[in-house]
Amino acid sequence: ILIDADSGRVMFEKNAELRLPMASTTKIMTAILAIEALPQDTVVTVSDTCCGIEGSSLYLKAGECLSVKELLYGLMLRSANDASVALATYLYGSVDAFVEEMNAYAAKLGCKDTHYLNPHGLDAEGHYTTARDLALIIRHALQNDEFTKIVGTPVYEMEATNKRDATKYNNTNSLLVPGSYYSYTPCKGIKTGTTAEAGYCLASYASQNGYTYLTIIIQGAEGWKNRTYSGGNTAFNETIRAYKWVFDNIKLT
């Protein structure tokens with residue numbers, strides 16, 4: 001789906017109400033719940049339950065002390081699954097309790113076809129959203145300055161902790177990263193996602209000449225088969241095509 005971020009006007013959509021797994025775009029909801037609930041200087045001590053989560057990771061260690069800010073940047077730039085569990089358990093005591101809040105918040109925003117089973121987006125039967133619902137969540141999230149700052153950061157150096165040295169991470173959203181193959185200057189950020197069931201997913205927003213648009217692509221498992229540029233990520237390719245089309249052709253009055 002491609003929509004005007006300010007008015008919510010739909011500029012283009014295809015299967016926008018189809019329920020699909022959304023991979024790490026799940027973390028958009030995880031981030032906004034944490035940002036709205038916790039000061040960023042809050043210190044979180046990592047428990048055993050946060051360690052060894054499969055997939056993208058900060059490789060957190062039990063007893064490691066990090067600020068909420070560091071966990072949020074790790075969550076949204078590195079796409080760290082262990083950071084999502086650390087934030088979830090700190091906030092509500094368990095992943096299950098946090099997931100209940102995720103679903104309640106989605107319903108409050110008017111999402112009718114979204115259901116969370118975890119805070120990170122690893123494949124799980126019954127964990128899904130639609131492009132239309134994800135657009136609702138993102139339009140709300142973009143009202144928060146802390147959220148937009150985090151998701152719009154191309155590169156971030158995480159501070160040293162009691163268990164590790166300082167570490168620099170590039171944002172997984174290559175549209176944001178200068179010099180990357182998919183670098184696209186009007187893009188201001190948000191979140192990638194990739195799993196076997198979700199395929200390539202990308203939620204983003206871009207601004208140019210006073211206009212701001214959101215593009216959400218959720219490809220499903222078939223997305224793995226639809227690659228271009230010698231194995232490139234078609235979510236990036238199609239997102240750039242959408243933005244170029246709308247900026248070149250749509251003139252709102």
(message) For F247 and Y213, take the angle between the two ring planes, folded into 0 to 90°, and tell me which bin it lands in: parallel under 30, tilted 30 to 60, perpendicular over 60.
(response) perpendicular
(message) Looking only at side-chain N and O atoms, does K191 offer a donor or acceptor that is under 3.5 Å from a partner on S79?
(response) yes
(message) Between Y200 and E238, is there a side-chain donor-acceptor contact under 3.5 Å, judged purely by atom types and distance?
(response) no
(message) If hydrophobic clusters are built by linking Ile, Leu, Val, Met, Phe, Trp and Tyr wherever their side-chain heavy atoms come under 4.5 Å apart, do Y156 and L176 end up in the same one?
(response) no
(request) Would you please say whether a donor-acceptor pair under 3.5 Å links the side chains of Y184 and T239? (result) no
(message) Would you say that L33 contacts Y105 through its side chain, given a criterion of any heavy-atom pair below 4.5 Å between the two side chains?
(response) yes
(message) Using the rule that Ile, Leu, Val, Met, Phe, Trp and Tyr join whenever any side-chain heavy atoms are under 4.5 Å apart, tell me whether I1 and Y128 fall into a single cluster.
(response) no
(request) Identify the residue among T114, I137, D133 that makes a side-chain contact (heavy atoms from CB on, under 4.5 Å) with L109. (result) I137
(request) Find out whether F98 and L87 are in side-chain contact, i.e. whether some heavy atom of one side chain is under 4.5 Å from a heavy atom of the other. (result) no
(request) Look at K149 together with E146 and state whether they make a salt bridge at an N to O cut-off of under 4.0 Å. (result) no
(message) Could you tell me if the side chain of N103 sits less than 4.5 Å from the side chain of H115, heavy atoms only?
(response) yes
(message) I need the H120 NE2 to D123 CG distance, nearest 0.5 Å.
(response) 10.5 Å
(message) Do K188 and T212 make a side-chain contact, defined as non-hydrogen atoms from C-beta onward lying under 4.5 Å apart?
(response) no
(message) Just to verify, which of V46, I53, D48 counts as forming a side-chain contact (heavy atoms from CB on, under 4.5 Å) with C50?
(response) V46
(request) Determine whether L91 and E101 make a side-chain contact, defined as any pair of heavy atoms from C-beta on separated by less than 4.5 Å. (result) no
(message) If we ignore hydrogens and angles and just use 3.5 Å, is the side chain of T148 paired with the main-chain N or O of D145 as donor and acceptor?
(response) yes
(request) For D82 and S57, indicate whether the former's side chain and the latter's backbone hold a donor-acceptor pair under 3.5 Å. (result) no
(request) May I ask you to decide if G63's main-chain N or O and N162's side chain share a donor-acceptor pair within less than 3.5 Å? (result) yes
(request) Ignoring hydrogens and angles, tell me if any N or O in the side chain of N15 forms a donor-acceptor pair with the backbone of L18 under 3.5 Å. (result) no
(request) For K27 and N81, test the side chains for any donor-to-acceptor distance below 3.5 angstrom and give the result as yes or no. (result) yes
(request) Step through the shown structure and confirm whether more than 12 heavy atoms of other residues, nucleotides or ligands are within 6.0 Å of CD on E157. (result) yes
(request) Examine the side chains of T130 and D113 and answer whether a donor and an acceptor come within less than 3.5 Å of each other. (result) no
(message) Are L77 and L72 linked, directly or through intermediate hydrophobic residues, by side-chain heavy-atom contacts shorter than 4.5 Å (ILVMFWY only)?
(response) yes
(request) Check the pair Y90 / L71 against side-chain contact (heavy atoms from CB on, under 4.5 Å), numbers first and verdict last. (result) CA-CA 11 Å; Y90 183 84; L71 287 171; over 6 Å; no
(request) State, with a plain yes or no, whether a side-chain heavy atom of L2 is found less than 4.5 Å away from one of T215. (result) yes
(message) Quick check on the hydrophobic clustering: are V43 and Y92 connected, directly or via other members, by side-chain heavy-atom contacts under 4.5 Å?
(response) no
(message) Closer than 3.5 angstrom, by distance alone: can the side chain of R164 be matched with the main-chain N or O of Y59 as a donor-acceptor pair?
(response) yes
(message) When you measure from the side chain of E64 to the backbone of K61, do you find a donor-acceptor pair of N or O atoms at a distance under 3.5 Å?
(response) yes
(message) Within the structure provided, determine whether L142 and L214 are in side-chain contact (heavy-atom separation under 4.5 Å).
(response) yes
(message) Would you say the ring centers of Y73 and Y169 fall short of 6.0 Å from each other?
(response) no
(request) Please check if I28 and L117 belong to a single hydrophobic cluster, counting links between Ile, Leu, Val, Met, Phe, Trp and Tyr side chain heavy atoms closer than 4.5 Å. (result) no
(message) Within a 6.0 Å radius of atom CG on D165, are there more than 12 heavy atoms belonging to other residues, nucleotides or ligands?
(response) no
(request) Starting at CD1 of I240, measure out to SG of C187 and round the result to the nearest 0.5 Å. (result) 8.5 Å
(message) Ring-plane angle category for Y182 and F236, please: parallel below 30°, perpendicular beyond 60°, tilted otherwise.
(response) tilted
(request) May I ask you to check whether T192 and T172 show a side-chain donor-acceptor distance below 3.5 Å? (result) yes
(request) Would you indicate whether the side-chain heavy atoms of M102 and T30 approach each other to under 4.5 Å? (result) yes
